[in-house]
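Quick note on labels: first sequence line is chain A, next is B, and so on, each numbered from 1. In this text the structure is predicted, and so the values were computed from the model without any measurement.
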Number of protein chains: 2
Amino acid sequence: MNLGQATIKDIAKALNVSPSTVSRALKDYPGISEETRKKVKDLAEELNYRPNAVALSLRQSKSFTLGVIVPEVVHFFFSTVISGIEEGALVNGYNVILCQTNEQYEREVKMVDTMISSQIDGLLVSHSRETKDFSHFKRLLDRNFPIVFFDRLPEIENTVSVIVDDFMGAYDAVAHLILQGYRDVLHLAGPKNLKISEQRLSGYRKALQDAGLPVREDRIIPCPNGTLEESQTHCSLLFSGTDRPDAVFASNDMAAAGAIEALKALGISVPETVGVVGFSNWQFSSMIAPPMTTVAQPGFEMGSRAVSLLLQCIESGKYNPTTEVLPTALIPRASSQRKK
Amino acid sequence: MNLGQATIKDIAKALNVSPSTVSRALKDYPGISEETRKKVKDLAEELNYRPNAVALSLRQSKSFTLGVIVPEVVHFFFSTVISGIEEGALVNGYNVILCQTNEQYEREVKMVDTMISSQIDGLLVSHSRETKDFSHFKRLLDRNFPIVFFDRLPEIENTVSVIVDDFMGAYDAVAHLILQGYRDVLHLAGPKNLKISEQRLSGYRKALQDAGLPVREDRIIPCPNGTLEESQTHCSLLFSGTDRPDAVFASNDMAAAGAIEALKALGISVPETVGVVGFSNWQFSSMIAPPMTTVAQPGFEMGSRAVSLLLQCIESGKYNPTTEVLPTALIPRASSQRKK
DNA sequence: TCCATTTACGCAAACGTTTGCGGTGACGAT
DNA sequence: ATCGTCACCGCAAACGTTTGCGTAAATGGA
């Protein structure tokens, strides 16, 4: 029980005026005498009055609260995005209520439901890996409820969203490997039903093609879980054979790290024999041995851009479909640079 | 505008009954005919009725929302705790609204304020590094508002809190170094006004004393920022001198990693010449070279325990001061084990 | 002195929900 | 015909706030 928080009524009663007067006095509305205004404000100050946001929400059908749905919180990229969202929300006077789906579709659906009943003003979503049916979002959009998607785009037409340029990121990474003299690049691909995986794969393909190199389908290994072990298993198998690639481009840093581990274990030197490039620029990527080349994604910026777009929708009442694409940046480190 | 969400009133109007009847029918209260009950429930289902949580909050002075205040979101340990909080809240039907202070006192105070006006039912707090005045929490506690502190304890008597056994963690770490034959252990200490830093320092001291080794005050270097660079700077200076320690125990993994970097740069081999142990078991600690010995903190468990304690306070209305201490676990890896 | 205007405030409804209390009608018993 | 007993339902208030409208007193002008 939140005992003792002063309300407008309390102030009104104490001053023998009506709640309306107090409300108007506090907000400097016209039609209130200087004297009353001062008395009200002084007492409000003294009682440490804070408006009850819940009552305001109910009254105004606006909660100044945004919902955020992410697959995981313990995740360098997503936590960075969340941080950006937090900041953006704060400066605009919004609160953030947070949910993680743990990559589970059912939880995602449920969370959307509870958030809606919490009367959030808008939703920021990066959907789960399992999600193939997007009707729980579609329903809301059809009702004109504002949702901004980030990083992972749903299969819905005409949404407002923010992504990074996964295609170019991948392209740059692979082109960089080729420039370094690597010719046979293995791709550790992400979950198939994620657009980002698709895009990164396309970038990989295009870079090879542009360099006149063949695209071998057996050089594309799906690593849907994105764990270190998964990629390690695949790589140690593949690099013990005779038909070995001479480089690895992984769809995420974890997989890349797994590849490095596997290569180390096999006694294959990185980057001399095999070059490795990851994706995301996770914290650890600069700290492992050798420091890993990777593609940086502007997570914080993605978060703040997403909030901006969402607030724009909320405040204008319009939902103008756009997809904002943030640039990636290749961070060249030792793992992909052959000593000259 | 959240257009078209059906309300109890809508159902009532459509069925020509009163809102009260609808409310009772939906909740299976007695005194409603089977027929009416069914009609109400069917229509509610059809209209996809969801109770308006805001109205409920206002009516019941209970929001089923918890506030969480952390210094940073992009932080392996804190994001793990947040994850635990999330889960705990979810299974108990609570929402979580999240704020990061960025280690700034002023923001902390402000956040507490806005959360209170959002009518949260309780607060979970790990205070900022800057915070020395805890009156913004004290005020609430005095009013019987439930707060559970985690990881970083405020200087307030009789709180409910969850911490890890920083003392023992540090003790174990240093004892381990000594057992490995290291004799002159440097301590990279955390921010002085954090209890955790104090505790870890005490553990360090005690372990040295118990082993009959001297505690040299000049072997205790404060690293208040906890960045890689900070520790790197200190260590490269210290280890270029002649009076060199032969081991490093850092108050956090980042600092330890900085030490390793500095040592590598100086051509000093880890662990052969100098052993290094960190604190927290951040993700990267197992992946750097050499894999780093560190002290694991049960972040997720801390989060879920903190929620449990908070909900207990909320639901019982009682605030029984306790400090729950979770065990740490030394994770021995290469960085501290001399080859035999 | 009287009317018109302004100043300063209160009433009441509304947001969506819950709940104590009261009321209506049907029915059986007397 | 009267009464009591149910089963079923509605009224109204309440949570804290805002706001259109109404109204009293005070002021101004003639």
Using the test salt bridge (Lys or Arg N to Asp or Glu O under 4.0 Å), find all partners of [X] that sit at least two apart in sequence or belong to another chain.
X: B:Lys38; value: B:Asp42
X: B:Asp113; value: A:Arg50
X: B:Glu45; value: none

Could you state the [atom1]-[atom2] distance from [X] to [N], rounded to the nearest angstrom?
X: B:Phe64; N: D:dC15; atom1: CZ; atom2: P; result: 19 Å
X: B:Asp10; N: C:dT17; atom1: CG; atom2: C1'; result: 13 Å
X: B:Gln60; N: C:dC15; atom1: CD; atom2: P; result: 20 Å
X: A:Lys38; N: C:dA8; atom1: NZ; atom2: C1'; result: 19 Å
X: A:Leu58; N: C:dA13; atom1: CG; atom2: P; result: 17 Å
X: B:Lys62; N: D:dA14; atom1: NZ; atom2: C1'; result: 19 Å
X: A:Gln119; N: C:dC15; atom1: CD; atom2: P; result: 13 Å
X: B:Ile8; N: C:dG16; atom1: CD1; atom2: P; result: 11 Å

Validation row: A:Gln100, B:Ile82 side chains within 4.5 angstrom (heavy atoms) = no
ask   = Is B:Lys110 atom NZ crowded by more than 12 heavy atoms from other residues, nucleotides or ligands, each under 6.0 Å away?
value = no
key: Of all pairs that satisfy ring pair (Phe, Tyr, Trp, His ring centres under 6.0 Å), the ones with a partner from residues 4-43 of chain B, not counting sequence neighbours   = none
key: Contacting residues from residues 12-30 of chain B, given that a heavy atom lies under 4.0 angstrom of DNA chain D   = B:Asn16, B:Val17, B:Ser18, B:Ser20, B:Thr21, B:Arg24
Which nucleotide in the set [options] lies at the smallest distance from any side-chain heavy atom of [X]?
X: B:Tyr49; options: C:dC9, D:dG16, C:dT17; answer: C:dT17
X: B:Lys9; options: D:dC9, D:dT17, C:dG16; answer: C:dG16
X: B:Asn52; options: D:dT17, C:dA8, C:dT17; answer: C:dT17

inquiry  = Checking B:Ser316 now: which residues fulfil side chain to side chain contact (heavy atoms under 4.5 Å, CB included) with it, not counting sequence neighbours?
reply    = B:Lys318
inquiry  = So, using side chain to side chain contact (heavy atoms under 4.5 Å, CB included) as the criterion, who are the partners of A:Thr80 when residues are at least two apart?
reply    = A:Phe76, A:Phe300, B:Val74
request  = Please determine if a side-chain N or O atom of A:Thr7 lies less than 4.0 Å away from the OP1 or OP2 oxygen of D:dC15.
outcome  = no
Output a table of donor-acceptor pairs, distance under 3.5 Å, between side-chain atoms of residues 86-95 of chain A and any protein atom two or more places apart or on a different chain; print 'none' if there are none.
unit_1: A:Glu87; atom_1: OE1; unit_2: B:Arg107; atom_2: NH1; d: 3.0
unit_1: A:Glu87; atom_1: OE2; unit_2: B:Asn102; atom_2: ND2; d: 3.1
unit_1: A:Glu87; atom_1: OE2; unit_2: B:Arg107; atom_2: NH1; d: 3.2
unit_1: A:Glu87; atom_1: OE2; unit_2: B:Arg107; atom_2: NH2; d: 2.9
unit_1: A:Asn92; atom_1: ND2; unit_2: A:Gly88; atom_2: O; d: 2.8
unit_1: A:Tyr94; atom_1: OH; unit_2: A:Lys62; atom_2: NZ; d: 2.7
unit_1: A:Tyr94; atom_1: OH; unit_2: A:Glu315; atom_2: OE2; d: 3.3
unit_1: A:Asn95; atom_1: ND2; unit_2: B:Ser118; atom_2: OG; d: 3.0

request  = Looking at every strand, decide which applies to A:Thr36 at a 4.0 Å heavy-atom threshold: base, sugar-phosphate, or nothing.
outcome  = sugar-phosphate
Pairs under 3.5 Å (N/O, protein and nucleotides 25-28 of chain D):
none

